[in-house]
Amino acid sequence: MRTWRDGDGTLRVDTGSGTGTGAGTGPGAGPGAGAREVPLRIAASYRARTKGLLGRDGIEGAMMLTPCGSVHTFRMRFPIDVAYLDRKFTVLAVTTMKPGRLGLPRLRARHVVEAEAGAMERWGVRPGVRLELKAAPAAAPETR
């Protein structure tokens, strides 16, 4: 089991080789449809998870809350897409939440990925798809 730290990373969605319904079909699918990489902000500490997207007017890319099994949108300024992930980063459910809502807890969920409303559909994130999440390497201290 991996221990996550607050910071930046990359979310990779493989849009061309999934085995779920509709995967790899549609415009642009086939060889070269490939994967989509999205900038990711990782919130692993209690303080970072509690703040989440509160106080922001939007987000470039996505935010992963870990560990997390449910979310709310109280005091948020914009609607969000929420993807619930299991331990292996397989998407269990995707929902769009308006501000001021309380999401249902997902018992098998260990991570949650949040993005602006409509982003998950554009990226091809849907139940059954497995995501790849990579933390950015920690910056080495400068030596002179």
Side-chain angles (χ1 to χ4, degrees), residues 1-29 32-142:
M1 187 165 134
R2 179 180 174 153
T3 302
W4 292 92
R5 294 182 177 257
D6 294 345
D8 295 320
T10 304
L11 167 70
R12 186 169 183 256
V13 183
D14 192 358
T15 57
S17 63
T19 57
T21 56
T25 61
R36 179 164 197 145
E37 290 196 357
V38 177
L40 180 71
R41 183 77 186 147
I42 300 167
S45 69
Y46 175 78
R47 186 175 191 167
R49 289 192 321 264
T50 302
K51 179 156 169 78
L53 296 175
L54 295 176
R56 296 184 187 210
D57 291 321
I59 182 171
E60 286 292 322
M63 175 176 275
M64 179 180 73
L65 307 173
T66 182
C68 184
S70 67
V71 296
H72 68 82
T73 57
F74 300 123
R75 295 179 37 217
M76 291 197 62
R77 299 178 182 168
F78 57 98
I80 60 172
D81 282 347
V82 179
Y84 297 89
L85 312 178
D86 67 7
R87 291 180 192 271
K88 296 181 180 181
F89 302 109
T90 301
V91 178
L92 301 172
V94 178
T95 186
T96 300
M97 295 176 64
K98 294 178 183 178
R101 305 285 192 243
L102 178 63
L104 294 173
R106 307 292 173 151
L107 298 178
R108 289 182 25 222
R110 295 295 174 262
H111 315 281
V112 168
V113 175
E114 300 177 340
E116 287 192 22
M120 300 286 182
E121 185 177 351
R122 285 193 311 272
W123 300 336
V125 176
R126 61 191 172 282
V129 170
R130 191 160 179 191
L131 304 180
E132 184 179 329
L133 297 118
K134 290 184 182 176
E142 287 188 34

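Residue numbers start at 1 and run along the sequence shown. Bear in mind that the values here come from a model prediction, so they are computed numbers and not experimental data.
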Using side-chain heavy atoms (C-beta onward) and a distance below 4.5 Å, is [X] in contact with [Y]?
X: Thr96; Y: Glu121; result: no
X: Asp14; Y: Glu132; result: no
X: Leu104; Y: Ser70; result: no

For the student: nearest non-hydrogen atoms of [X] and [Y], plus distance:
X: Ile80; Y: Met76; value: CG2-CE, 3.7 Å
X: Met120; Y: Val113; value: CE-O, 3.3 Å
X: Pro127; Y: Ala93; value: CG-CA, 4.2 Å
X: Leu65; Y: Cys68; value: O-CB, 3.5 Å
X: Asp81; Y: Gly118; value: OD2-N, 2.8 Å
X: Val38; Y: Ala62; value: CG1-N, 4.1 Å

Distance check, rounded to the nearest 0.5 Å: [X] atom [atom1] versus [Y] atom [atom2]?
X: Arg36; Y: Thr10; atom1: CZ; atom2: OG1; value: 13.5 Å
X: Thr66; Y: Ile42; atom1: OG1; atom2: CD1; value: 9.0 Å
X: Arg130; Y: Asp86; atom1: CZ; atom2: CG; value: 8.0 Å
X: Leu92; Y: Leu85; atom1: CG; atom2: CG; value: 7.0 Å
X: Met64; Y: His111; atom1: CE; atom2: NE2; value: 6.5 Å
X: Leu102; Y: Phe74; atom1: CG; atom2: CZ; value: 5.0 Å

request  = Not counting sequence neighbours, which residues clear salt bridge (Lys or Arg N to Asp or Glu O under 4.0 Å) with Lys98? List them please.
outcome  = none
task = Sequence neighbours left out, what pairs pass side chain to side chain donor-acceptor pair (under 3.5 Å) with at least one residue falling in residues 38-52?
result = Asp6-Ser45, Asp8-Arg41
query = Should the heavy atoms of other residues, nucleotides or ligands under 6.0 Å from CZ of Arg5 be counted, would the total exceed 12?
reply = no
task = May I have the step-by-step check of side chain to side chain contact (heavy atoms under 4.5 Å, CB included) for Glu116 and Ile59, ending in yes or no?
result = CA-CA 7 Å; Glu116 287 192 22; Ile59 182 171; 3.9 Å; yes
message = Applying side chain to side chain contact (heavy atoms under 4.5 Å, CB included) to Val112 and Arg106, what does each step give before you reach the verdict?
response = CA-CA 10 Å; Val112 168; Arg106 307 292 173 151; over 6 Å; no
task = Give me the ring orientation class for Phe89 and Trp4: parallel if the planes are under 30° apart, tilted from 30 to 60°, perpendicular past 60°.
result = perpendicular
message = Please check this pair: side chain of Thr73 against backbone of Arg101, looking for a donor-acceptor N/O pair closer than 3.5 Å.
response = yes
